[in-house]
Amino acid sequence: MLGSLGVSMGLMEGVGVGLGCVFFYRSFDGWPAKKAGSRHKKPPSAGAANITAHSYKYVPPQPTPEAGLSDANANMWRIIILALVSITAVSGWSHGAKDPVNRREAISDGFLFGGGIVSALSRPQNAIASPSSVPTTPSSIILSEWDPLAYKNFPLEGQSVFPPPFLPPITNRATYRYSLGRDTWALEQLLAFANVTATIRTNVVKLSSGGLWVCGPLWPTKEYCKLLDELGEVTEVVLPVNALEHKAAMKQFVQRYQKAKVWVAPGQYGPFGECGAIKAGMSADQIKKVVHDASKTMGYHISGVLPIGSLSKDSAESVMPKNLRPSWINDGTFGVETLYVELPENAGPVSESAFHHKASNTLFVTDAVVCVPSSTDFPIQPIFETYFDATVLSDPTFWPRTVLQAVFLPLRAESDSLGTQYYPGYEALANRLVRAPILRAFADARSPHEVRSWVNNIVRNSKFDRIITAHFASPINASPSLFADAFEHLNENATSESLSSALPPITCQDWSTLDSLNSFIGDNKLGAPVVYDYKAGCRGV
């Protein structure tokens, strides 16, 4: 998932090279072509806005063979693109090597430049049709409140913004709004990077004051702003992570909503601004300095930086002065748990804040967990129609392949006893609450203690019956215990039975892509070493 990019950058000093090896070697692995002439196509009708929740069985059509790149041409382009990205990332790494701050900026800039090159050059021709997945149809109870067709949009209001986004869609960046119930909403856009395409979500809560709490702002096109403004006045804005794709639009959004108070997760770095961290034991003056410096380096006014660890109404006095805390903490509306990892071998820190909204019994996270909807139980989200041709979307392999590319599992097919082919990696993930494999391999493998403590704090301090994330489907029907199960691989007392019960049944061989990347990082000393078995519980073949 694209939300993993920022985490990956923080966990690998040579991230441009490392991610280049995975993203761009796989760029021509039969990835569906982008819709031709998409900027002129009329977006999907807003008529679906009034569709109410309903249940249905989605039956995808049969695949049709399409022309694709030859193996020889695909390999040639892999080498060319990988060279371009590696050169930009490595040169940035080398030029900034004497100073950690300069090194972070150089790596980030090189990565963005390399990513732009790849997004422009790595578009394949129409994909070679691959085996369709077996419709195992696991239980969809976990997503019983999610309806991908019940959206509202305003396509004629304007779907571009200037300066333009750093990743596609550059123009015709559609926004779909979903009501998630309990005075919460989601505004979704698409995000594309090389062969990966995913939804990315702004989550919104209406506070008791009537103002809006906006978490993870996206690019403020006219359509996006109208959908948001219909809900009320934006009074609180939160940047919940330091991942690139989640903070890229922040400055433009804050400039549009200048009256709102702005709160950011610690450890921001790179081309979209920097800020320090608020740690236990800091004095009021030290905290003020962190916030003051952040307002200068982030490029917009910062009301506060979320402290590392737990922050709630009951614990707030011991953490930071009242005037430096959000009002939604002081009045008990939210509790916050912030993960912060900084390893000396890496380009920069990794942070993510989780928010427990007590009135709605909801846990808001960004990348911590995801739930991938099965295409046998749900239709593909209509927003994909704004970026891909109908023929591409009608291929039943489109969604399994999209999912596997986003979570960094290989496009490996198998056949069942009847000769029907399917994707084991996709089937293992569908309709489950999971920790994305890329985060298990990059984050959990290098900082298991910090992630484990963060998860334990969330489970101990929060009571919720659903989770809303920034990618794939939401809301997700999930309790604290189910959330903890998604991280069972970090449980030092786990048994083979508990791992088998709690974790998705990913085969050991389906970790091959991430294994290769971690080996590359380790062999070339590009980042912190792997210190934990992130594949715990993988299934043999």
Side-chain angles (χ1 to χ4, degrees), residues 3 7 10-11 203 215-216 238-243 263-267 277-282 287 304-320 325-326 328-343 349-370 433-436 439-440 443-470 476 478-494 498 502-503 531-532 534:
V7 173
L11 290 168
N203 292 314
C215 185
V238 177
L239 175 57
V241 292
N242 66 356
W263 312 91
V264 300
I278 295 177
K279 303 178 181 180
M282 276 189 168
I287 294 174
V305 176
L306 298 174
I308 299 170
S310 301
L311 183 65
S312 66
K313 181 180 179 180
D314 296 333
S315 67
E317 287 296 334
S318 62
V319 177
M320 58 199 307
R325 301 192 302 261
W328 38 271
I329 289 293
N330 293 331
D331 64 14
T333 300
F334 284 91
V336 184
E337 302 291 342
T338 297
L339 169 70
Y340 182 84
V341 177
E342 187 165 22
L343 301 176
V350 171
S351 66
E352 178 174 352
S353 294
F355 306 88
H356 173 216
H357 183 234
K358 299 175 184 178
S360 66
N361 290 326
T362 302
L363 179 69
F364 288 91
V365 297
T366 304
D367 296 322
V369 289
V370 294
L433 185 71
V434 300
R435 175 72 160 167
L439 293 181
R440 285 177 61 173
D444 304 354
R446 291 171 170 82
S447 51
H449 173 73
E450 291 86 350
V451 177
R452 186 187 302 117
S453 296
W454 182 53
V455 171
N456 288 341
N457 286 341
I458 291 172
V459 171
R460 181 173 56 250
N461 298 331
S462 307
K463 294 181 180 180
F464 53 87
D465 58 20
R466 66 176 191 165
I467 299 173
I468 293 176
T469 71
I476 306 160
S479 63
S481 62
L482 191 60
F483 178 77
D485 283 350
F487 296 85
E488 181 67 10
H489 56 282
L490 293 177
N491 182 357
E492 295 175 304
N493 298 316
S498 69
L503 297 178
V531 298
Y532 196 85
Y534 56 89

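The 12-atom threshold is not exceeded at NZ of Lys313, counting heavy atoms of other residues, nucleotides or ligands nearer than 6.0 Å.
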Report task. Tell me, with the steps shown, if Phe483 and Leu363 meet side-chain contact (heavy atoms from CB on, under 4.5 Å). Result -> CA-CA 10 Å; Phe483 178 77; Leu363 179 69; 4.1 Å; yes
Report task. Starting from the C-alpha separation in whole Å, work towards a yes-or-no answer on side-chain contact (heavy atoms from CB on, under 4.5 Å) for Phe464 and Ser479. Result -> CA-CA 6 Å; Phe464 53 87; Ser479 63; 5.6 Å; no
Query raised in the report: Passes side-chain contact (heavy atoms from CB on, under 4.5 Å), Ile476 versus Ile468? Steps please.
Result: CA-CA 6 Å; Ile476 306 160; Ile468 293 176; over 6 Å; no
Report task. Go through Arg466 and Asn361 one step at a time and tell me if the side-chain contact (heavy atoms from CB on, under 4.5 Å) criterion holds. Result -> CA-CA 7 Å; Arg466 66 176 191 165; Asn361 290 326; 6.0 Å; no
Query raised in the report: Between Glu317 and Arg325, is a salt bridge (charged side-chain N to carboxylate O under 4.0 Å, His left out) present by the stated rule, with each step listed?
Result: CA-CA 9 Å; Glu317 287 296 334; Arg325 301 192 302 261; 3.3 Å; yes
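A heavy-atom distance below 4.5 Å is found between the side chains of Val434 and Val370. In this structure, the side chains of Lys358 and Thr333 stay at 4.5 Å or more apart for every pair of heavy atoms. In this structure the side chain of Tyr532 never reaches within 4.5 angstrom of the side chain of Arg440, judged on heavy atoms. Using a 4.5 Å heavy-atom cutoff, the side chains of Asp485 and Leu433 are not in contact.
The line from CG of Leu503 to OG of Ser498 is 8.0 Å long, rounded to the nearest 0.5 Å. Here Asn457 contributes atom CG and Leu339 contributes atom CG; the two are 10.5 Å apart, rounded to the nearest 0.5 Å. Atom CG of Leu306 sits about 9.0 Å away from atom CG of Leu239, to the nearest 0.5 Å. We find the NE2-CG distance between His449 and Leu490 to be 11.5 Å, quoted to the nearest 0.5 Å. With rounding to the nearest 0.5 Å, the separation of CG in Leu311 from OG1 in Thr338 is 7.5 Å. Rounded to the nearest 0.5 Å, atoms CH2 (Trp454) and OG (Ser351) are 9.5 Å apart.
In terms of heavy atoms, Val365 sits closest to Asn203 at O-ND2, 4.5 Å. Ile278 approaches Val305 most closely through the heavy-atom pair CD1-O, 3.1 Å. Nearest heavy atoms, Pro349 versus Gly267: CG-O, 3.7 Å. Among all heavy-atom pairs drawn from Pro480 and Lys463, the shortest one is CG-CA, 4.5 Å. The shortest heavy-atom contact between Ser360 and Asp465 is O-OD1, 4.4 Å. Nearest heavy atom pair, residue Val238 against residue Trp328, reads CG2-CZ2, 3.9 Å.
Taking the six-membered ring where tryptophan is involved, the planes of Phe334 and Phe364 are tilted, since the angle between them lies from 30° to 60°.
Side chain to side chain, Asp444 and His489 meet the donor-acceptor criterion of an N or O pair below 3.5 Å. When only modelled atom types and interatomic distance are considered, Ser312 and Ser315 share a side-chain donor-acceptor pair under 3.5 Å.
Between Glu488 and Arg435 there is no salt bridge, since no side-chain N of the basic residue sits under 4.0 Å from a carboxylate O of the acidic one.
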